[in-house]
Q: 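Mind having a look at this structure? Questions to follow.
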Amino acid sequence: MSGCGGGGGDGGSAAGSGSNPYGLAQPGVLRAGTLTDAPPNVYLKDGKFTGFDNDLLTAVAGELGLRVEFVGTDFSALLSQVNNHKFDVGSSSITITEARKKTVDFGNGYDFGYFGLDVPAGSPISGFDQLAGKRVVVVQGTVQDDYATGKQLDPVRVPDYNGAINQLKAGTADAWIAPAEIGEKSAADSNGKITVAAKQLSPAPTAYAVAKDGDKLREALNKGLDEVIADGTWSRLQAQYYPGRPIPADFKPGSGTAAAPATPSGSAQPSASTAS
């Protein structure tokens, strides 16, 4: 499934001159691999890819004079697809890890995140420390998968978020370790069948992934990210997609040199150790 998102400039001058400074598969077009089912981060709505990550990428690409073409895929395949140039960039709230750095390179972090613990309504589970011996579902290849494996939970792995949600609704899983924002949205849309039991801060920021030989594209995306942080786009999208979510005081998006305007809510921003 594929779809296009506006990306500011149309890149026509670059394509027309034959210039392709970022080594894109199609000059002037940033082909982005993403997911269809992970709101509010990345998802498909009315035939258009949207969500915080994708809208931010569209704004960043606009600063570079590029149009974005989004294509849906499974997360478990995304990083390898980026590195073999099926996609120019991966956009899916990808947490930076040392293991993933062996497959792709990452731009500067643009967001933080929390792990969420979703359970069926009425479940006695109220924390991550109660998962031993339980049937825990995760999306394959995610940092939530890594967390569950590291805790020796022997998780049930599914290819996408809808698969995890369906396991909870059907009662075939006791808990789902999810990106907190996605878990919260899924619980809100479940008509009371799913609740959020707990959440905790994820250990690393999220970033866009590029191929190992994509230094010029990575540097350009970093520059564009700083520009949309400085002009207020990053703050506006934070307020739009994560209303009321506190931003850890020690989290600095992008290079850290671009000052992000205060979010419209003006809410307090506690440190990472106290955010919840």
Q: Of Val156, Leu168, Val119, Leu117, which is the lone residue that meets side-chain contact (heavy atoms from CB on, under 4.5 Å) with Trp176?
A: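 Single pass found, and it is Leu168.
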
Q: Measuring from Lys199:NZ to Glu181:CD, what's the distance to the nearest 0.5 Å?
A: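 Lys199 atom NZ to Glu181 atom CD measures 6.5 Å (nearest 0.5 Å).
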
Q: Can you tell me how far apart CD (Glu184) and OH (Tyr114) are? Round to the nearest 0.5 Å.
A: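 Separation between the atoms: 10.0 Å.
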
Q: Is there a donor-acceptor pair closer than 3.5 Å between any side-chain N or O of Asn83 and the backbone N or O of Thr103?
A: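 Such a contact is found between Asn83 side chain and Thr103 backbone.
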
Q: Table please: side-chain donor-acceptor pairs of residues 201-209 below 3.5 Å, with sequence neighbours left out.
A:
| residue | atom | partner | partner atom | Å |
| --- | --- | --- | --- | --- |
| Thr206 | OG1 | Asp111 | O | 3.3 |
| Tyr208 | OH | Asp53 | O | 2.6 |
| Tyr208 | OH | Leu57 | N | 3.1 |

Q: Decide whether Tyr241 and Thr50 meet the rule of one side-chain donor and one side-chain acceptor closer than 3.5 Å.
A: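 A pair is found: one side chain offers a donor N or O, the other an acceptor, under 3.5 Å apart.
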
Q: Quick check against the 3.5 Å criterion: does Thr195 have a side-chain atom that pairs as donor or acceptor with the backbone of Ala197?
A: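 Side chain of Thr195 to backbone of Ala197: no pair is present.
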
Q: Whether the side chain of Arg31 engages the backbone of Lys86 through a donor-acceptor N/O pair (distance < 3.5 Å, no angle test) should be reported.
A: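 Between the backbone of Lys86 and the side chain of Arg31 there is a qualifying donor-acceptor contact (under 3.5 Å).
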
Q: Could you verify whether a donor N or O on one side chain and an acceptor N or O on the other, from Asp74 and Ser76, lie under 3.5 Å apart?
A: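 On atom types as modelled, these side chains do not qualify, holding no pair under 3.5 Å.
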
Q: As a quick check of understanding, evaluate side-chain contact (heavy atoms from CB on, under 4.5 Å) for Val139 and Asp145, giving each step before the final call.
A: CA-CA 6 Å; Val139 174; Asp145 185 351; over 6 Å; no

Q: Taking all atoms of both residues into account, what is the closest heavy-atom pair of Pro21 and Ser19, and its distance?
A: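 Smallest heavy-atom distance, with atoms named: CD-OG, 3.4 Å.
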
Q: Is there a side-chain contact between Leu153 and Lys134 (heavy atoms, below 4.5 Å)?
A: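 They are not in side-chain contact.
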
Q: Enter the distance from Phe70:CZ to Phe87:CZ here, rounded to the nearest 0.5 Å.
A: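 Separation between the atoms: 11.5 Å.
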
Q: Is there a side-chain contact between Tyr161 and Pro179 (heavy atoms, below 4.5 Å)?
A: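 Tyr161 vs Pro179: side chains touch.
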
Q: Quick check: do Leu56 and Val228 have side-chain heavy atoms less than 4.5 Å from each other?
A: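 Touching, per the 4.5 Å side-chain cut-off.
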
Q: Should Asp105 and Lys101 count as an ion pair when the cut-off is N to O under 4.0 Å?
A: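 Looking at Asp105 and Lys101, the cut-off is not met.
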
Q: Would you check if Leu79 and Arg100 make a side-chain contact, meaning some heavy-atom pair closer than 4.5 Å?
A: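 Yes, side chains in contact.
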
Q: What pairs of donor and acceptor atoms, side-chain ones from residues 120-129 against any protein atom, are under 3.5 angstrom apart with sequence neighbours left out?
A:
| residue | atom | partner | partner atom | Å |
| --- | --- | --- | --- | --- |
| Ser123 | OG | Ile125 | N | 3.1 |
| Ser126 | OG | Gln130 | NE2 | 3.2 |

Q: Does any N or O in the side chain of Asp226 come within less than 3.5 Å of the main-chain N or O of Ala258, such that one atom is a donor and the other an acceptor?
A: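 Such a contact is absent between Asp226 side chain and Ala258 backbone.
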
Q: Relative to the ring of Tyr110, is the ring of Phe52 parallel (under 30°), tilted (30 to 60°) or perpendicular (over 60°)?
A: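 Geometry flag for Tyr110 against Phe52: tilted rings.
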
Q: First locate atom CG of Leu78, then atom OG of Ser92, and finally report the distance between them rounded to the nearest 0.5 Å.
A: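 If we round to the nearest 0.5 Å, Leu78:CG and Ser92:OG are 6.0 Å apart.
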
Q: Mark yes when over 12 heavy atoms from residues, nucleotides or ligands other than Asn166 sit less than 6.0 Å from its CG; otherwise mark no.
A: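 Yes, enclosed.
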
Q: Report the distance from atom NZ of Lys48 to atom CG of Asp46, rounding to the nearest 0.5 Å.
A: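 Between Lys48 NZ and Asp46 CG, I get 10.0 Å after rounding to 0.5 Å.
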
Q: When you measure from the side chain of Ser91 to the backbone of Thr34, do you find a donor-acceptor pair of N or O atoms at a distance under 3.5 Å?
A: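 No, because the side chain of Ser91 does not come within donor-acceptor range (under 3.5 Å) of the backbone of Thr34.
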
Q: Is Val196 reachable from Phe112 through a run of hydrophobic residues whose side-chain heavy atoms are each under 4.5 Å from the next?
A: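 No, Phe112 and Val196 fall in different hydrophobic clusters.
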
Q: Do Lys185 and Pro40 have side-chain heavy atoms sitting under 4.5 Å apart?
A: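 Result yes, sub-4.5 Å side-chain heavy-atom pair found.
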
Q: Does the side chain of Asp88 reach to within under 4.5 Å of the side chain of Leu217, using non-hydrogen atoms?
A: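 A side-chain contact exists here, since the closest heavy-atom pair is under 4.5 Å.
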
Q: Is the Phe115 ring parallel, tilted or perpendicular to the Tyr147 ring (thresholds 30°, 60°)?
A: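 Perpendicular: the ring planes of Phe115 and Tyr147 meet at over 60°.
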
Q: Would you tell me whether Arg157 and Thr149 have side-chain atoms, one donor and one acceptor, within less than 3.5 Å of each other?
A: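 Result is yes, a qualifying pair exists.
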
Q: Would you check if the side chain of Arg67 reaches a backbone N or O of Leu30 as a donor-acceptor pair within less than 3.5 Å?
A: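 The answer is no, because no donor-acceptor pair under 3.5 Å joins these two groups.
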
Q: Applying the side-chain contact (heavy atoms from CB on, under 4.5 Å) test to Val42, which of Ile182, Asp55, Asn54 qualifies?
A: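 Single side-chain contact (heavy atoms from CB on, under 4.5 Å) partner of Val42 among Ile182, Asp55, Asn54: Asn54.
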
Q: Tell me whether Asp174 contacts the main-chain N or O of Arg135 through its side chain, where contact means a donor paired with an acceptor under 3.5 Å.
A: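 Pair found, side chain donor or acceptor close to backbone of Arg135.
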
Q: May I ask you to decide whether Glu219 forms a salt bridge with Lys216, counting only side-chain N to carboxylate O separations under 4.0 Å?
A: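 No, no charged N to carboxylate O under 4.0 Å.
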
Q: Are there over 12 heavy-atom neighbours, none belonging to Asn84, within less than 6.0 Å of that residue's CG?
A: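 Atom CG in Asn84 is packed in, count exceeds 12.
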
Q: What distance do Leu131 atom CG and Ile177 atom CD1 have between them, rounded to the nearest 0.5 Å?
A: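 Answer for the CG-CD1 pair, Leu131 versus Ile177, is 5.5 Å.
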
Q: Is it the case that the side chain of Ser80 and the backbone of Ala77 share a donor-acceptor pair, with hydrogens and angles ignored and the cut-off at 3.5 Å?
A: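 A pair under 3.5 Å: yes.
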
Q: Just so I know, are the side chains of Asn41 and Tyr43 near enough to count as touching, which here means a heavy-atom distance under 4.5 Å?
A: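 No, side chains not in contact.
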
Q: Do Val29 and Val68 come within less than 4.5 Å of each other through their side chains, counting heavy atoms only?
A: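 Result no, sub-4.5 Å side-chain heavy-atom pair not found.
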
Q: Do the charged groups of Lys223 and Glu63 touch, with an N to O distance under 4.0 Å?
A: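 No, Lys223 and Glu63 are not salt-bridged.
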
Q: Hey, does the side chain of Asn222 reach the backbone of Asn108 with a donor-acceptor pair shorter than 3.5 angstrom?
A: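 Present.
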
Q: Run the side-chain contact (heavy atoms from CB on, under 4.5 Å) test on Tyr22 and Leu221 for me, step by step, so that the C-alpha distance in whole Å, both residues' side-chain angles and the decisive distance to 0.1 Å come before the verdict.
A: CA-CA 10 Å; Tyr22 310 127; Leu221 291 174; over 6 Å; no

Q: What pair of heavy atoms forms the shortest contact from Ile194 to Ser190, and how long is it?
A: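 So the minimum-distance heavy-atom pair works out to N-OG, 3.0 Å.
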
Q: Quick one: do Val143 and Val136 end up in the same hydrophobic cluster if we chain Ile, Leu, Val, Met, Phe, Trp and Tyr together by side-chain heavy atoms under 4.5 Å apart?
A: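 Yes, because Val143 and Val136 connect within a single hydrophobic cluster, where side-chain heavy atoms sit under 4.5 Å apart.
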
Q: Heavy atoms only: give me the nearest Gly72-Thr36 pair and the separation to one decimal.
A: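 That closest heavy-atom pairing would be CA-CG2, 4.1 Å.
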
Q: Would you say Tyr242 ends up clustered with Ile229 if hydrophobic residues are merged whenever their side chains have heavy atoms under 4.5 Å apart, either directly or through other cluster members?
A: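 Yes, because Ile229 and Tyr242 connect within a single hydrophobic cluster, where side-chain heavy atoms sit under 4.5 Å apart.
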
